[in-house]
Peer 1: 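Dropping a structure here in structure tokens format, bear with me for questions.
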Amino acid sequence: MQQEVFLMKETVNIGLIGFGTIGSGVVATLNQNLPLLENKVNKKVNLKRIVDLDITTDRGVEVQPGVLSTSVDDILEDEEIDIVIELVGGYQPALSFILKAMENGKHVVTANKALLAKHWDEIITSAQENNVRVSFEASVGGGIPLLAPVNDGLAANNIETIYGIINGTANYILTKMAAEGLDFDTVLKEAQEMGYAEADPTFDIEGHDTAQKLIILSILGFGVYVEQEKFHVEGITRITPDDIQFARDELGSVVKLLAIAKIEDSELEIRVHPTLVPETHLLASVNDVFNAVYLEGDVVGPVLMYGAGAGMMPTASAVVADCLDIMQDMEKPVAYGPRETRVEKVKDISDVQSKYYLRITALDQPGVLHSISGVLSDLDISIESVSQKKAAEGEAVPIFMVTHQALEKNVQEAIKLIDQMEFVKADTNLIRLLE
Ligand SMILES: NC(=O)c1ccc[n+]([C@@H]2O[C@H](COP(=O)([O-])OP(=O)(O)OC[C@H]3O[C@@H](n4cnc5c(N)ncnc54)[C@H](O)[C@@H]3O)[C@@H](O)[C@H]2O)c1
Ligand SMILES: N[C@@H](CCO)C(=O)O
């Protein structure tokens, strides 16, 4: 009798495109936990096909005979496949794969934040038109259940503030530079070897990956799509060991690449940049490849979500969970974020107020501090503290300054003027403080 019931279970067929780091993690998860997964959805789960350009390299995971193929049509044109997992990454051909899959009536699961952030409307519209679901929990925060809680669990709230450490690679680099004094390039190489970094790691270190994830969070949290070109995005490549040491020793702070989105009087502040976070703040202890999103809702108050933000198995956990969610309700309509947004305007970075850390590299000679403070004072920027490293005469040294609250456009203008001064020998670095 037991056997008879089992045989009658519906089978859901999955096609996986992209058998790289995360694709291998998905296969490993299915191999490891298939009985558990089938039990949860009360269906038979069958990984029918895996497509990749390279089907000869050993990924260290067991694959059933006949499952591997190099032809994407073996998934997209197979009528028996219900769910397509896209883990190729990048814009094309990933976009065409996803659109074709949906056109052919297949549900889609993807971790591709770059694609979602750029082609959001096209992808969601296609899902709606074709009456299929598209799920992307793994696209933000790796293994952290993050998007479903924001979209569903916090649906009763107006989201007011989002602060996120949402790039594992950048956080790994900053953590290792601070804890072990390692240089930037060495740590980046490590992050790549661990499978955390994007195919093009400039996406991680220049802040683009964080920005793409913030775009998705803003859609879900505020119901607004803001193109990446419309907000300030700055990475971590200008952060030096001097910055990290000064932040720790003199300010009791750590440097984190933060995604920030908050709404005030219908105006959305949205930006990505390195930020000095006080050691006492919850986000300061988010280290290595871990990610965290701190948000505030008008009903729930503050919420913190934390976990592994990148890597093969944590990310696979989210991808497989999306598949199970679809299997449980294939008819669920596609709805993401509030249908009407409270956002009337996106604030320009130049109008943002913050405290600033400045590292100015200047010759150690009389009159330098006087000239710099003159520029700052003319632009209504008040200095909270200043210190300078010792140097031999005639040598350029870092001067560290922290300002009181100031207007970004004034600070940018001041830096422009300071960097034109004859005794200034390198571009000034600026890091905003978390207010
Ligand atoms: N690595 C992570 O920690 C992580 C975490 C979250 C999200 N993601 C996202 O997941 C996706 C996959 O990332 P990854 O790290 O597994 O990348 P990866 O480079 O390890 O894997 C991509 C795979 O796709 C294959 N591929 C490339 N072009 C193809 C094509 N035309 N047809 C079929 N296969 C093709 C490649 O051969 C490779 O095996 C990306 O969108 C990435 O942004 C990655
Ligand atoms: N490259 C990304 C992968 C996870 O999205 C990161 O380091 O966070």
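Computed over heavy atoms, backbone and side chain alike; hydrogens, waters and symmetry mates excluded. Just so you know, ligand 1 is whichever comes first in the structure, and atom 1 is the first atom listed for that ligand. Being a predicted model, the structure only gives us computed values, none of them experimental.
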Peer 1: List every atom of ligand 2 that sits less than 4.0 Å from any heavy atom of N167, numbering the atoms from 1 in the order shown and giving each element.
Peer 2: 2 (C), 6 (C), 7 (O), 8 (O)
Peer 1: What atoms of ligand 1 come within less than 4.0 Å of a heavy atom belonging to P93?
Peer 2: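 In order of numbering, the contacting atoms are 31 (N).
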Peer 1: Give me the nearest non-hydrogen protein atom to atom 39 (O) of ligand 1 as residue plus atom name, then the distance to 0.1 Å.
Peer 2: D52 OD2, 2.7 Å
Peer 1: Check this for me: Q92, atom CD, are more than 12 non-hydrogen atoms of other residues, nucleotides or ligands nearer than 6.0 Å?
Peer 2: yes
Peer 1: Output the list of atoms in ligand 2 that are nearer than 4.0 Å to some heavy atom of Y196, sorted by atom number.
Peer 2: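 Here the atoms of ligand 2 in question are 1 (N), 2 (C), 3 (C), 6 (C), 7 (O).
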Peer 1: Could you tell me which atoms of ligand 1, counted from 1 in the order shown, lie closer than 4.0 angstrom to a heavy atom of L87?
Peer 2: 12 (C), 22 (C), 23 (C), 24 (O)
Peer 1: Tell me if a side-chain donor or acceptor on R49 pairs with a main-chain N or O of G66 at a distance below 3.5 Å.
Peer 2: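 At least one qualifying donor-acceptor pair exists.
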Peer 1: Run the numbers for me: atoms of ligand 2, each under 4.0 Å from some heavy atom of K213, listed by number.
Peer 2: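 Here the atoms of ligand 2 in question are 2 (C), 4 (C), 5 (O), 6 (C), 8 (O).
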Peer 1: Considering only protein heavy atoms, which is closest to atom 30 (C) of ligand 1, and at what distance to one decimal place?
Peer 2: L53 CG, 3.6 Å
Peer 1: Among all protein non-hydrogen atoms, which one is nearest to atom 26 (N) of ligand 1, and what is the separation to 0.1 Å?
Peer 2: V88 CG1, 4.0 Å
Peer 1: Can a donor-acceptor pair be found between the side chains of T202 and D204 at a distance below 3.5 Å?
Peer 2: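 No, D204 and T202 have no side-chain donor paired with an acceptor closer than 3.5 Å.
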Peer 1: If you measure every N or O of I22 against every N or O of ligand 1, does any of those distances drop under 3.5 Å?
Peer 2: yes
Peer 1: With distance as the sole test, does N151 use its side chain to make a donor-acceptor pair with the main-chain N or O of G337 at under 3.5 Å?
Peer 2: yes
Peer 1: In terms of residue, atom name and distance, what is the protein heavy atom nearest to atom 15 (O) of ligand 1?
Peer 2: T21 CB, 3.7 Å
Peer 1: Can you sort out which atoms of ligand 1 are near A310, meaning under 4.0 Å from one of its heavy atoms?
Peer 2: 3 (O)
Peer 1: Within a distance of under 4.0 Å, is there any protein heavy atom near atom 34 (N) of ligand 1?
Peer 2: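 Yes, at least one protein heavy atom sits under 4.0 Å from atom 34 (N) of ligand 1.
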Peer 1: In the protein, which heavy atom is nearest to atom 6 (C) of ligand 1, and how far is it?
Peer 2: T315 CG2, 3.3 Å
Peer 1: Give the atom numbers and elements of ligand 1 that come within less than 4.0 Å of a heavy atom of E198.
Peer 2: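 Near E198, meaning under 4.0 Å from one of its heavy atoms, ligand 1 has 42 (C), 43 (O).
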Peer 1: Under 4.0 Å from atom 21 (O) of ligand 1, can you find at least one protein heavy atom?
Peer 2: yes
Peer 1: Among A318, G309, P201, which one puts a heavy atom closest to atom 4 (C) of ligand 2?
Peer 2: G309
Peer 1: Does the side chain of N112 come under 3.5 Å of the side chain of T110 through a donor N or O and an acceptor N or O?
Peer 2: no
Peer 1: Start with the C-alpha gap between K43 and D82, add the side-chain angles, then the distance that decides, and say whether salt bridge (Lys or Arg N to Asp or Glu O under 4.0 Å) holds.
Peer 2: CA-CA 13 Å; K43 288 179 183 166; D82 307 286; over 6 Å; no
Peer 1: Among protein heavy atoms, which sits nearest to atom 8 (O) of ligand 2, and what does the distance come to when rounded to 0.1 Å?
Peer 2: G168 N, 2.7 Å
Peer 1: So, taking the atom named CG in L47 and the one named CD1 in I14, what distance separates them when rounded to the nearest 0.5 Å?
Peer 2: 6.5 Å
Peer 1: Considering only the protein, which heavy-atom contact is closest to atom 1 (N) of ligand 1, and what is its distance?
Peer 2: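 Closest protein heavy atom to atom 1 (N) of ligand 1: G195 O, 2.8 Å.
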Peer 1: List the closest protein heavy-atom neighbour of atom 10 (O) of ligand 1: residue, atom name, distance to the nearest 0.1 Å.
Peer 2: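 For atom 10 (O) of ligand 1, the nearest protein heavy atom comes out as A111 CB, 3.6 Å.
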Peer 1: Just checking, any donor-acceptor pair under 3.5 angstrom between side chains of Y163 and E296?
Peer 2: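 Note: Y163 and E296 side chains miss the donor-acceptor criterion.
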Peer 1: So if I count the atoms of ligand 1 from 1 in the order they appear, which ones are less than 4.0 Å from some heavy atom of G89?
Peer 2: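 In order of numbering, the contacting atoms are 40 (C), 41 (O).
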Peer 1: Among protein heavy atoms, which lies nearest atom 7 (O) of ligand 2, and at what distance?
Peer 2: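 Going by distance alone, atom 7 (O) of ligand 2 is nearest to T169 OG1, 2.6 Å.
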Peer 1: Let's go through Y172 and F290 carefully: what are the C-alpha distance in whole Å and the side-chain angles of both, what is the deciding distance for ring-ring contact (aromatic ring centres under 6.0 Å, His included) to 0.1 Å, and is it a yes or a no?
Peer 2: CA-CA 8 Å; Y172 185 82; F290 285 88; over 10 Å; no
Peer 1: Numbering the atoms of ligand 1 from 1, which are under 4.0 Å from a heavy atom of A138?
Peer 2: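 It comes down to these atoms of ligand 1: 6 (C), 7 (C).
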Peer 1: Hydrogens and angles aside, do E234 and H232 bring a side-chain donor and acceptor to less than 3.5 Å of each other?
Peer 2: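 Per modelled atom types, E234 and H232 side chains form a pair under 3.5 Å.
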Peer 1: Looking only at side chains, do H208 and T210 share a donor and an acceptor under 3.5 Å apart?
Peer 2: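 No, no side-chain donor-acceptor contact under 3.5 Å.
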Peer 1: For N429 and D243, which I'm curious about, is there any donor-acceptor pair between the side chains at under 3.5 Å?
Peer 2: yes
Peer 1: Looking only at heavy atoms, is any part of D204 under 4.0 Å from ligand 2, and if so is it the side chain, the backbone, or both, or is it neither?
Peer 2: side chain
Peer 1: Please check whether G311 reaches ligand 1 - meaning an N/O of the residue sits under 3.5 Å from an N/O of the ligand, judged on distance alone.
Peer 2: yes
Peer 1: Can you tell me which portion of R59 lies within the under-4.0 Å heavy-atom range of ligand 1? Options are side chain, backbone, both, or neither.
Peer 2: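 R59 to ligand 1: side-chain contact only, backbone stays beyond 4.0 Å.
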Peer 1: Which residue and non-hydrogen atom of the protein lie closest to atom 5 (O) of ligand 2, and at what distance in Å?
Peer 2: K113 NZ, 2.6 Å
Peer 1: Which of the numbered atoms in ligand 1 are under 4.0 angstrom from any heavy atom belonging to K113?
Peer 2: 6 (C), 7 (C), 8 (N), 43 (O)
Peer 1: Quick one: do E384 and K355 make a salt bridge, cutoff under 4.0 Å?
Peer 2: yes
Peer 1: For T125 and D121, test the side chains for any donor-to-acceptor distance below 3.5 angstrom and give the result as yes or no.
Peer 2: no
Peer 1: Do any N/O atoms on E198 end up under 3.5 angstrom from N/O atoms on ligand 2?
Peer 2: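 Yes, since at least one N or O of E198 sits under 3.5 Å from an N or O of ligand 2.
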Peer 1: Identify whether NZ of Lys or CZ of Arg in K118 sits under 6.0 Å from the centre of the six-membered ring of Y91 and within 45° of that ring's axis.
Peer 2: yes
Peer 1: Can D185 and K189 be counted as an ion pair, charged N to O under 4.0 angstrom?
Peer 2: no
